[in-house]
Amino acid sequence: MVDPAASPPALAPEPRGSLKPLGTAVVVLGVVAAAVVVAAQFMPESRRNAGQPPQPPTVEPMVAVARSVTHAVSYELFGDHGARNVTYVAQGAAIAQEREVATPWSKKFQRTGVEGGSEFYSVSAQGKKNGKLRCRILVDGVIVSENESSGEEPTVTCTR
């Protein structure tokens with residue numbers, strides 16, 4: 001007769017040097033590797049490269065063809081009684097101002113820019129008394145802007 005309270009018989013310990021734990025590890029690693037390969041086949045391209053930095057697009061190098069050109073610029077004022085607060089865009093696009101000038105008045109300088117580009121030129125002034133005041137801008141000897149004003153303390157501006 002078998003005693004129901006008795007414990008089940010113990011399994012015999014595996015002999016030393018058994019390869020069973022190593023075999024289990026190899027099987028688990030094989031299953032994980034197979035799962036990675038299958039997942040990679042079905043994963044979208046954007047997710048596959050998520051850990052890598054994006055590759056910049058290939059750009060063809062461009063050759064710079066911009067040439068610089070120098071212009072002779074002349075600002076001129078003509079008036080009956082001189083002018084004050086003469087403000088102009090000078091060499092290097094700096095803003096300059098002269099407080100009191102006799103007329104006729106002129107300012108000449110060289111200005112370098114990009115060939116085919118647009119340069120900004122400007123001169124403005126206020127007359128001292130009742131009368132006329134006229135301005136003009138010449139670039140390379142060609143009048144590019146001209147304006148006139150009259151009255152009490154006339155104000156005139158030429159721009160290009």
Which heavy atom of Val114 sits nearest a heavy atom of Ala66, and at what distance? CG1-CB, 4.1 Å

Does Glu152 CD have over 12 foreign heavy atoms under 6.0 Å away? no

Would Val73 end up clustered with Val142 when hydrophobic side chains under 4.5 Å apart are linked, directly or stepwise? no

Determine the minimum heavy-atom distance between Ala125 and Val86, stating which atoms define it. CB-CG2, 3.8 Å

Rounding to 0.5 Å, atoms CZ (Arg99) and OG1 (Thr87) come to a distance of 10.5 Å

Between Gln126 and Thr155, is any side-chain donor less than 3.5 angstrom from a side-chain acceptor? no

Considering non-hydrogen atoms only, spot the tightest contact between Glu119 and Gly113 and give its length. OE2-CA, 3.2 Å

If I take atom SG from residue Cys135 and atom CD from residue Glu148, how far apart are they, to the nearest 0.5 angstrom? 9.5 Å

Close side-chain approach of Thr159 and Val89, heavy atoms under 4.5 Å: no

Does NZ or CZ of Arg134 come closer than 6.0 Å to the centre of the six-membered ring of Phe78, within 45° of the ring's axis? yes

Where do His81 and Lys128 come nearest, in terms of heavy atoms and distance? O-CD, 3.5 Å

Main-chain N/O of Ala72 paired with Asp140 side-chain donor or acceptor, under 3.5 Å: yes

Looking at CG of Asn147 and CZ of Arg136, how far apart are the two atoms once the value is rounded to the nearest 0.5 Å? 13.0 Å

Test of understanding: clusters of I, L, V, M, F, W, Y form through side-chain heavy atoms closer than 4.5 Å, transitively. Do Val156 and Ile95 belong to the same one? yes

Check step by step if side chain to side chain contact (heavy atoms under 4.5 Å, CB included) holds for Leu138 and Glu76. CA-CA 8 Å; Leu138 291 90; Glu76 299 176 345; 3.7 Å; yes

Taking Gly116's backbone N and O only, do any of them form a donor-acceptor pair with Arg67's side chain (distance below 3.5 Å, no angle check)? no

Under the 3.5 angstrom rule, does the side chain of Asp80 hit a backbone N or O of Lys132 as a donor-acceptor pair? yes

With rounding to the nearest 0.5 Å, note down the distance linking CD1 in Ile137 to CD in Glu146. 10.5 Å

Does the plane of the ring in Trp105 sit parallel, tilted or perpendicular to the ring in Tyr88? Use 30° and 60° as the thresholds. tilted

For residues Thr103 and Ala83, report the shortest heavy-atom separation together with the two atoms involved. CG2-N, 4.2 Å

State, to 0.1 Å, how close Tyr75 and Phe109 come at their nearest heavy-atom pair, and which atoms those are. CE1-CE2, 3.6 Å

